[in-house]
Structures are given as structure tokens and as C-alpha cells.
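Below is one structure. I have some questions about it.
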2 protein chains.
Amino acid sequence: MPNLIGMQTPTELAAAYRSQGRKLTPQRQLLFQLMYGNDKHPTAEALFAEASSQMPGISLRTVYQTLNELAEMGELQFIDIGGGATRFDPNLDDHHHVVCVDCGQIRDVHVNGTAALKPVGIEDFTINEVGVVFQGVCSTCEKGRAKSNKTAHAKSPAPQAKVSK
Amino acid sequence: MPNLIGMQTPTELAAAYRSQGRKLTPQRQLLFQLMYGNDKHPTAEALFAEASSQMPGISLRTVYQTLNELAEMGELQFIDIGGGATRFDPNLDDHHHVVCVDCGQIRDVHVNGTAALKPVGIEDFTINEVGVVFQGVCSTCEKGRAKSNKTAHAKSPAPQAKVSK
DNA sequence: TATCTAATTTGCAAGTCTTGCTAACAAGAA
DNA sequence: TTCTTGTTAGCAAGACTTGCAAATTAGATA
Ligand SMILES: [Mn+2]
Ligand SMILES: [Mn+2]
Ligand SMILES: [Zn+2]
Ligand SMILES: [Zn+2]
């Protein structure tokens with residue numbers, strides 16, 4: 001039975017880094033912690049904010065650098081949905097996403113039936129991966145929407161929901 | 001039998017525009033033509049290039065403006081896949097996309113089985129749409145890849161294929 | 001056809017997100 | 001402790017998109 005796959009633990013990453021001749025800096029260690037098991041699909045900016053509260057002075061540049069590094073190492077993936085910034089996902093398990101077009105949150109979702117998906121008319125492509133994105137409205141936003149629309153619970157500055165069917 | 005749905009013809013759009021108090025400018029007419037039936041999923045920049053060859057002096061700003069307009073009118077959709085620029089799609093039919101991670105081209109694909117997709121664990125979401133994106137390598141790129149890798153047929157300046165599973 | 005008015009186009013500045021560059025710095029080896 | 005080399009921080013710059021305002025023009029009006 002496939003255990004849930006994800007980015008290695010901070011400790012394991014420490015080892016991996018050293019074995020690759022990379023140095024283990026406090027910035028990296030903090031980011032390892034912040035990303036480990038993180039299911040929020042944060043943007044670099046969001047991660048930077050969290051990191052900054054624990055390590056004032058850390059630079060956004062370093063956050064980007066470390067995230068790119070981890071992606072190259074296969075420890076996390078990029079998620080590009082809609083207009084805004086790239087989001088980062090340490091969940092390497094076979095899964096998909098649901099986006100609330102109102103508040104922009106992205107949630108993991110396991111999807112049954114993907115194996116049965118039959119693309120028609122692309123015999124000349126060698127398919128490697130399939131991504132499924134559900135667009136909808138979360139219950140919290142649904143409520144705020146029922147009455148007025150002042151009570152938007154946008155945690156982040158309400159990302160522009162460029163819908164891309 | 002559902003006829004293939006797509007953006008209205010340039011003539012129909014002309015009428016739609018006038019009936020909405022919008023003016024019918026040569027720039028808009030040209031863009032209607034260039035987008036009508038266009039299955040290349042062009043970026044604003046790409047469309048601007050085509051438009052410029054037929055109408056020197058047209059501005060990129062106008063291209064963006066018109067595309068946004070058409071999107072608001074429901075005549076086309078935005079597609080945001082991977083890192084680069086937004087791509088525009090006048091195909092309103094229920095369809096999905098295949099992306100060549102090598103050259104970046106996007107092709108339409110009809111997918112059988114989407115109705116059977118069962119998202120698990122998002123009872124608190126009201127789902128409105130489902131998008132499926134296949135990642136792969138087109139036959140042309142596959143060839144160029146077999147031998148050396150100098151012969152990349154990147155039509156566009158090879159978009160960075162940020163894979164987002 | 002000439003006139004008028006509001007919509008449109010341009011051109012450029014500016015905003016957002018991400019990367020390039022490099023001097024100052026520090027991890028880890030010797 | 002010293003030395004080497006990878007890393008960080010800061011800032012400039014690149015890519016994409018939008019804001020803004022002056023100049024232009026479609027289309028209504030007389
Ligand atoms: Mn995820
Ligand atoms: Mn399409
Ligand atoms: Zn929401
Ligand atoms: Zn290709």
C-alpha cells in the first residue's frame with residue numbers, strides 16, 4: 001500500500017543537502033520546516049511572510065531560491081492556476097486540486113476516475129501527466145455570498161479569479 | 001446534436017458590439033478575424049505580432065483591451081497553464097488541453113470520462129467546472145529529442161515548462 | 001455633409017511576480 | 001583558526017499586464 005508521499009523531512013533534507021555538497025543554512029532549515037507537510041499551497045510571498053516572523057531579515061530572494069532548489073531536487077512541485085503567483089506544493093502524492101474562485105484557496109483532492117480519462121485526437125503526443133483542477137466556491141465564501149458581499153473571508157488580498165476552464 | 005460552440009463570427013460580433021453601444025473599430029474587426037476559429041491558444045503578444053503585420057501601428061494595449069472585452073462578453077476564455085503569459089481561447093466548447101512541455105504548444109482535446117471523475121473530500125465546495133490538462137511531448141519534439149537536442153522545433157522562444165502536476 | 005460627443009486607441013508609466021547579478025557573509029572542511 | 005566555496009541579501013532588471021490621460025475617431029445628430 002503506497003504510503004503518502006511527500007517532501008522529505010527537514011532532517012532527511014539536511015542529509016540530502018550535505019550529500020550533494022550543498023550547505024545547511026538556518027534559512028534553508030527554516031524553510032524546510034515551513035514547507036514540510038504544508039498543505040496550504042503557499043506562494044513565495046506567503047512563505048516569506050511566515051519565515052520573516054521567525055527569522056527577521058531573511059530575504060524573499062532566498063525563499064525563491066530555496067523553493068526552486070527543492071523543486072529541482074524533486075521535493076516539491078509548482079502549481080500554476082489562474083492569474084497570480086506560482087504556488088508551491090510539497091505533496092508529491094498523486095493528487096489534484098480544488099480552487100475557490102472567491103477566496104483563492106487551493107485544497108488537495110484525490111480524484112477517482114482519472115485512469116479512465118480518454119483524451120481524443122492526440123495520438124501524436126506522449127502523455128506523461130494529467131492534472132485535474134476543480135473550480136468552485138468553498139462553504140465559507142458561499143455563506144458570505146448569500147447575504148451581502150461585504151463579508152468576504154478572503155484571507156489573502158483576494159486573488160483575481162481568472163477562470164480558465 | 002450539439003454544434004461546435006465557439007466565439008461568434010466577426011460579423012456577429014460586429015452586431016453584438018453595436019447593440020451594446022460599443023464602437024466597431026478597425027482594430028477590433030481585425031482582432032475578431034484573427035481570433036475567430038483560432039485554435040492556437042495565442043498569447044496577447046503572439047496575437048499582437050499577427051495583428052501588427054496586417055495593421056502596423058496597432059498597439060499591444062489595444063490587443064489586451066479587446067481580449068479582456070471579449071472575455072467579459074463570454075466570447076473567449078483565458079487559459080493559464082504554467083509559467084508564462086495568459087493564452088486566449090475562442091473555443092467555448094466543452095474541451096480540455098494538452099501541453100507539450102518541450103515547445104509549449106497547447107492543443108485542444110476532447111476528453112471522455114470527465115463526468116465520472118469523483119473528487120474525494122471536498123463536500124464543502126460547490127464545484128462549477130472541471131479542467132483537465134495533459135502534459136506530454138508532441139511527436140515533433142519527440143523526434144528532435146531522440147537524436148541531439150539542437151533541433152528543438154520551438155516555434156515560440158521555448159516557454160519555460162514549469163510542470164504543475 | 002458638417003458637427004458633436006462619447007468611446008477608443010496609444011504610448012508610457014507603473015504594478016506584480018520572478019530572476020540576474022554581486023558584494024558581503026558563513027558553513028564546513030582542513 | 002584558516003581557507004575555500006557555496007549562500008544570502010539587496011537591488012536592478014526582465015516579463016507580463018494594467019492604469020492613466022491626451023489625442024483620435026466611430027457613429028449619432030442636424
Ligand atoms: Mn496539493
Ligand atoms: Mn482550447
Ligand atoms: Zn472561498
Ligand atoms: Zn512540442
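Protein chains get the first letters and strands the later ones, always in sequence-line order, with residue 1 at the start of each.
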Exercise. What nucleic acid atoms does B:Gln65 come within less than 4.0 Å of, heavy atoms only: base, sugar-phosphate, or nothing?
Worked result: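 Base contact - B:Gln65 has a heavy atom under 4.0 Å of at least one base atom.
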Exercise. Can you check the B:Leu31 CG to C:dT9 C1' distance for me, whole Å?
Worked result: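 Rounded to the whole Å, the gap is 12 Å.
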Exercise. Taking atom types as modelled, is there a side-chain donor on A:Tyr36 or A:Gln8 under 3.5 Å from an acceptor on the other?
Worked result: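 Per modelled atom types, A:Tyr36 and A:Gln8 side chains form no pair under 3.5 Å.
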Exercise. Taking for each residue the nucleotide of DNA chain D with the nearest heavy atom, is it A:Lys23 or B:Ala44 whose nucleotide lies nearer the 5' end?
Worked result: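 Final value for this comparison: A:Lys23.
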For this session: Test A:Asp124 against B:Arg107 for salt bridge (charged side-chain N to carboxylate O under 4.0 Å, His left out), laying out the working first.
Result: CA-CA 11 Å; A:Asp124 55 328; B:Arg107 285 256 290 280; 3.0 Å; yes
Exercise. B:Arg28 side chain N/O closer than 4.0 Å to the phosphate oxygens (OP1, OP2) of C:dT8?
Worked result: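 For C:dT8, OP1 or OP2 has a side-chain N or O of B:Arg28 closer than 4.0 Å.
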For this session: Starting from P on C:dT19, measure out to CD on A:Glu45 and report it in whole angstrom.
Result: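 Atom CD in A:Glu45 sits about 13 Å away from atom P in C:dT19.
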Exercise. Over how many whole Å does the gap from B:Phe78 atom CZ to D:dC16 atom P extend?
Worked result: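 Taking CZ of B:Phe78 and P of D:dC16, I get 16 Å after rounding.
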For this session: Measure from CZ on A:Arg87 to P on C:dT18 and round the result to the nearest Å.
Result: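 Computing the A:Arg87:CZ to C:dT18:P distance gives 11 Å.
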For this session: Just compare C:dC21, D:dG27, C:dG11 and give me whichever is closest to any side-chain atom of A:Arg61.
Result: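 Shortest atom-to-atom distance from the side chain points to C:dC21.
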Exercise. A:Gln20 CD to D:dG6 P: how many Å, rounded?
Worked result: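 Rounded to whole Å, this separation is 13 Å.
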Problem set entry | Residue B:Ser59, side-chain heavy atoms: nucleotide from D:dT18, C:dT10, D:dT17 that is nearest |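 The closest nucleotide is C:dT10.
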For this session: May I ask you to check whether A:Gln27 and A:Thr66 show a side-chain donor-acceptor distance below 3.5 Å?
Result: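 No donor-acceptor contact under 3.5 Å links the two side chains.
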Exercise. Separation of B:Leu60 atom CG from D:dG19 atom P, in whole Å?
Worked result: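 In whole Å, D:dG19 P lies 14 Å from B:Leu60 CG.
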For this session: Anything under 30° is parallel, anything over 60° is perpendicular, the rest tilted; go ahead and classify A:His95 against A:His110.
Result: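 Aromatic pair A:His95/A:His110 classed tilted.
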Problem set entry | Whole-Å distance separating the CD1 atom of A:Ile58 from the P atom of D:dT7 |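 After rounding, the gap between these two atoms is 14 Å.
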For this session: Please report, rounded to the nearest Å, how far the P atom of C:dA27 is from the CG atom of A:Leu24.
Result: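 So the two atoms are 10 Å apart, to the nearest Å.
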For this session: For the residue pair A:Val111 and B:Val120, establish whether any side-chain heavy-atom pair is separated by less than 4.5 Å.
Result: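 A side-chain contact under 4.5 Å is absent here.
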For this session: Consider the side chain of A:Arg18, meaning its heavy atoms from C-beta on, and name the nucleotide among C:dT9, C:dG20, C:dG28 that approaches it most closely.
Result: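 Of the candidates, C:dG28 comes closest.
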Exercise. If only side-chain N and O atoms of A:Tyr64 are considered, is one of them under 4.0 Å from the OP1 or OP2 phosphate oxygen of C:dT18?
Worked result: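 Yes, within the criterion.
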Exercise. Do any side-chain nitrogens or oxygens of B:Thr62 fall under 4.0 Å of OP1 or OP2 in C:dT8?
Worked result: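 So the side-chain polar atoms of B:Thr62 never come under 4.0 Å of the phosphate oxygens OP1 or OP2 of C:dT8.
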Problem set entry | Distance below 4.0 Å between A:Thr25 side-chain N/O and D:dG6 OP1 or OP2 |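 Indeed not, no polar side-chain atom of A:Thr25 lies that close.
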